[in-house]
Amino acid sequence: MTAQTITAPPDADVRRGAGRLRETFRSGRLIAGVSITGFFVLLAIIGPFFAANPNKLSTATYQAPSAAHWLGTTQTGQDVFAQLVVSARASLEIGVGAGLIATVISILIGITGGYLGGVVDEALSLVSNVFLVIPTFPLIIVTFAYVRQGNLTALILVIALTSWAASARVLRAQTLSIRNREYVLAARAAGERAWRIILVEILPNELPIIVSQFIFAMIFAILTQATIAFLGVVDVSQLTWGNMLYFAWNDEALQSGAWWWFIPPGVCIALLGMGLALINFSLDELLNPRLRIYRSGKAAS
Amino acid sequence: MTDRTDVILRVAGVSVEYAARRPTRAVRDVSFELRRGEVLGIAGESGCGKSTLAYAIARLLRPPARLTAGSITFYPAHGEPLDLMALTEDQLREFRWTRVAMVFQGAMNTLNPVTSIGRQFGDIFAAHRKDMDAAARARRTSELLEMVGIDPRRAHGFPHELSGGMRQRVGIAMALALEPELVIMDEPTTALDVVVQREILDEIERLREEFGFSVVFITHDLSLLLEISDRLAVMYAGQIVEYAPTELIGAAAGGPGQSSSAPAHPYTQGLLGSFPDMRGERRELHGIPGSPPDLRADAPGCPFAPRCPFAFDPCHTTPPPVLPVPGRAEGWLAACHLVIEQASRARQHDHA
Amino acid sequence: MTTLEVDDLVVDFRLRGGESLRAVNHCSFGINQGETLALVGESGSGKSTVVRALGQLLRPTAGTVLLDGKPPGRRGRALRAYRKRVQLIFQDPFASLNPMHTVRHHLARPILMLHPGHSRASLDEEVAALLRSVNLTPAEEIAAKYPHELSGGQRQRVAIARSLASGPDVLLADEPVSMLDVSIRLEILNLLDRLKRERNLALLYVTHDLATARHFSAHIMVMYRGEIVEHGPSDEVILRPSHPYTQLLASAAPDPAASRAELAQARRARQAARAAVR
């Protein structure tokens, strides 16, 4: 029997890397999400070089927005816009830092437990469940009462350590499902070692959900920081949007009618959260073909 | 042609397309007739469009699938012919299940896992026979379950308590609940074991003898269709490539068209050859090399040409029309240039 | 000559609630190099469990598996050595390849595990050779593709190529063509047959299809509810079955050669039998 040339079906649905991304970029949600997030990232990086000194006190207190101060001033005469811009950097650092660490911990615990099963899985699940059940905010407040350091690193670590558990459970469930797929069995039957199987066979398939979990963690970190700053739990000398809100509250900006002080930071937090959420949703559309809406032609029944 | 009053379903020039950036033309210009009391077998592999065609006939197509051309006419035993595409929502509701019913692939799709079986039958009656009271519904449900060989007490149970074969029987009983004239069966036995499959087929045959409904039986298992169908339509790449009385098609050695019982189309021949005869002589077995075409592309010529061992010039450039095969029984059609060439050669021979 | 022997194999599964389900009930058989043994049974017969036990994907409750008279190692190097010689081919061509990796990755791994010192060029050459041996050409193009860019038949060929990468002596094919289109099944089975002859492999062909079992194997084993109910030369088992279950299987299979009258008669006989039973 002569060898026959059997080529792949012509122009099979090639949705590799670039092709797929290109199509998703048409999605309005992704464009909106990336624009908003990108704007804040830019603001955080280059903003501080152009803004005025946020800590400079002056006698021009409670000034409404004007040419000199785009978003007015605080009770101590500090420029609100400058503060907003500089806070962006801190908030984003917290978001990315805490989000990253939380995600890495959840990967290590969730995937390892899910794949190895048995006693290891039971132990790691127990740890996850404990962290899941403990109320986050009381834990953070109590932790900071001991730590007493308001610096960024402490903040990031504490938020990360209290928010990885839910993600770990999700990844564990996903791993349990993938573990029994035939390509994993085939790898085992070929004699691959466990760590290689986890790294090479299982992890790449979970990448979509890991990215999604990371974005959630980022949103959570930024919001949590804002909340605990507003509660005054941490050292408020650091410039973040949450701290701005704390001061605005403390210095009775609402009663004074100084809307330019407390609305901008709140809006920024909300916008950044929305931008990240939009990216998350459009990723979903990218990865799950059933969510794609066919924009061509009218569908008649 | 066939006697008009004998036909129960006429499909003419039906095309179905799945909308997308590059639309998939799943069914292309399909025409056939089903006669009353007959079993029409539609054979084809994955991606040939047979399921899409079934859904089109039952008007179950969902966006992005849509009918782009053709007509489907149903001739009930009593009353006027119905143009299925023109039915309004109300007419359609009345039409569905009372005239035409469907048995789906894998009864998992038909049966609601969280509702009892009796309740699901009750839903059918509540929708179509509002005059039946609860007692009448329960009676009829028991009748139907007994008819397919299931203990009527199972009506109180749930689908997961039944085996695959039993669930499929329930699916068949549900399809027959309102005594339809036509039942469309989409791979009803594919997910079942050979032994259970045989039982289900026998059951269908028995019910057909008793109630006289017509059947469109869709499957990839050609050997099965050779046993149970009266007429056979073979689909490839969305088109019907051969259409013939089943009794006359037999597995034959040699090229197509060489004996009066061999399939006329090379694809049918190849497909038939893919089912080795369990009890026959051991011989060299061959399938068909290559794979089915991408239905989004509009390749010129016959869609089977790249895989056809008999392809010659016109096959790659001109799509062959569906024409009667010369020298065969009436109503034997095939879409193949070889057939056309034989026909013209036969005519030349006659003139000579 | 390599032999894989199974002696008195028992596999029990523990269910929720403490009960246990016996999936394989004292099975014994052997496969020799250059031969195909078909294992025929319906779903739930235990045939897949037997394959997984032989592939060391689960541990048997009792009984022994001997490769050339020696039991496989339980872990580490001994187990890896067994796995190199006994390879599995799975049923589902869509699930047995990792969608995130190219064909080349799937084939390169087993080659590298066997000879860690390959250079990139020689690795590519070996991958191409494997693809050519299963008729997937042009090899370089196919090697760069992802599983979703290939048809079902091509994916199964890749799975077969992968199983050949370590140079095995025994191939366990668990329903290798059941999920493929009908017209390409025979080509894949022909490929397996040719590879078996060329490389002198012992092939266990697990299937529910009696027809292909008859045509592609010298011996057939029929399993029912975890037990081997019949075992003999293919022609004997199919044409002159002795066990009632085998007879039932043989009579239930479609028979394209029978005439209409014969079929109607057979059907009426079956219905009468069933009515008598009810």
Side-chain angles (χ1 to χ4, degrees), chain B residues 43-48 146 149 151 163-164 189 191-199 201-203 205-206 209 219-228 230 236 246-247 249-251 267 270-292 294 307, chain C residues 40-45 135 150-154 177-191 193 208-216 224 234-235 238-239 245 248-264 266-271 273-275 278:
Chain B
E45 300 174 286
S46 60
C48 72
E146 264 181 9
D151 189 340
S163 70
T189 56
L192 304 173
D193 294 341
V194 140
V195 176
V196 178
Q197 178 176 281
R198 177 58 63 189
E199 285 178 13
L201 288 176
D202 284 349
E203 203 68 44
E205 200 45 45
R206 185 180 64 78
E209 278 171 19
T219 179
H220 64 271
D221 193 342
L222 191 54
S223 60
L224 209 153
L225 288 181
L226 287 175
E227 280 198 21
I228 66 165
D230 298 308
Y236 186 80
T246 312
E247 226 170 349
I249 290 187
Y267 175 64
L271 196 60
L272 210 46
S274 301
F275 291 95
D277 185 3
M278 191 174 73
R279 296 187 179 82
E281 287 279 314
R282 282 212 191 194
R283 55 183 175 87
E284 212 180 285
L285 297 166
H286 288 291
I288 308 176
S291 40
D294 182 3
R307 302 168 76 186
Chain C
V40 172
E42 300 293 294
S43 58
S45 59
N135 285 353
L150 303 174
S151 70
Q154 289 171 318
V177 295
S178 309
M179 294 187 71
L180 298 178
D181 272 330
V182 166
S183 63
I184 54 179
R185 285 182 194 173
L186 289 181
E187 294 303 311
I188 301 286
L189 291 175
N190 279 333
L191 172 68
D193 197 48
H208 60 265
D209 177 22
L210 277 178
T212 52
R214 163 127 187 271
H215 283 272
F216 283 96
Y224 178 62
S234 308
D235 286 350
I238 302 280
L239 299 176
Y245 179 67
L248 181 62
L249 269 188
S251 68
D255 189 2
S259 76
R260 277 301 160 105
E262 285 170 354
L263 291 170
R267 192 170 56 242
R268 273 190 281 278
R270 280 193 299 265
Q271 280 164 353
R274 268 182 227 127
R278 270 194 208 148

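Given the structure is predicted, the values throughout are model-derived calculations rather than measurements. Letters A, B, ... are given to chains in the order of the sequence lines, protein chains preceding strands, and every chain is numbered from 1.
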Measure distances from B:Leu222 to the heavy atoms of chain C and classify the residue's part below 4.5 Å as side chain, backbone, both or neither.
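No part of it gets close to chain C.
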Relative to chain B, which segment of [X] carries a heavy atom at a distance below 4.5 Å: side chain, backbone, both, or neither?
{"X": "C:Arg214", "answer": "both"}
{"X": "C:Leu210", "answer": "both"}
{"X": "C:Ala250", "answer": "both"}

Backbone N/O of [Y] and side chain of [X]: donor-acceptor pair under 3.5 Å:
{"X": "B:Asp202", "Y": "C:Arg267", "result": "no"}
{"X": "C:Glu187", "Y": "B:Gly287", "result": "yes"}
{"X": "C:Asn190", "Y": "B:Leu285", "result": "yes"}

When rounded to the nearest 0.5 angstrom, what is the spacing between [atom1] in [X] and [atom2] in [Y]?
{"X": "C:Leu249", "Y": "B:Arg198", "atom1": "CG", "atom2": "CZ", "value": "12.0 Å"}
{"X": "B:Ser274", "Y": "C:Leu189", "atom1": "OG", "atom2": "CG", "value": "10.5 Å"}
{"X": "C:Asp181", "Y": "B:Ser46", "atom1": "CG", "atom2": "OG", "value": "3.0 Å"}

For the candidates B:Glu199, B:Arg307, B:His220, which exhibits the highest count of non-hydrogen atom pairs separated by less than 4.5 Å from chain C?
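Of B:Glu199, B:Arg307, B:His220, B:Glu199 has the most heavy-atom pairs under 4.5 Å with chain C.
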Write down the atom of [X], the atom of [Y], and the distance for their closest heavy-atom approach.
{"X": "C:His215", "Y": "B:Pro276", "answer": "CD2-CB, 3.7 Å"}
{"X": "C:Ala253", "Y": "B:Val194", "answer": "N-CG1, 4.1 Å"}
{"X": "C:Val182", "Y": "B:Glu45", "answer": "N-OE2, 3.3 Å"}
{"X": "C:Ile238", "Y": "B:Met278", "answer": "CG2-CG, 3.7 Å"}
{"X": "B:Gly290", "Y": "C:Ile184", "answer": "O-CG2, 3.6 Å"}

Looking at C:Ala211, C:Ala252, C:Ser183, which one has more heavy-atom pairs under 4.5 Å with chain B than the rest?
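Counting heavy-atom pairs under 4.5 Å, the top option is C:Ser183.
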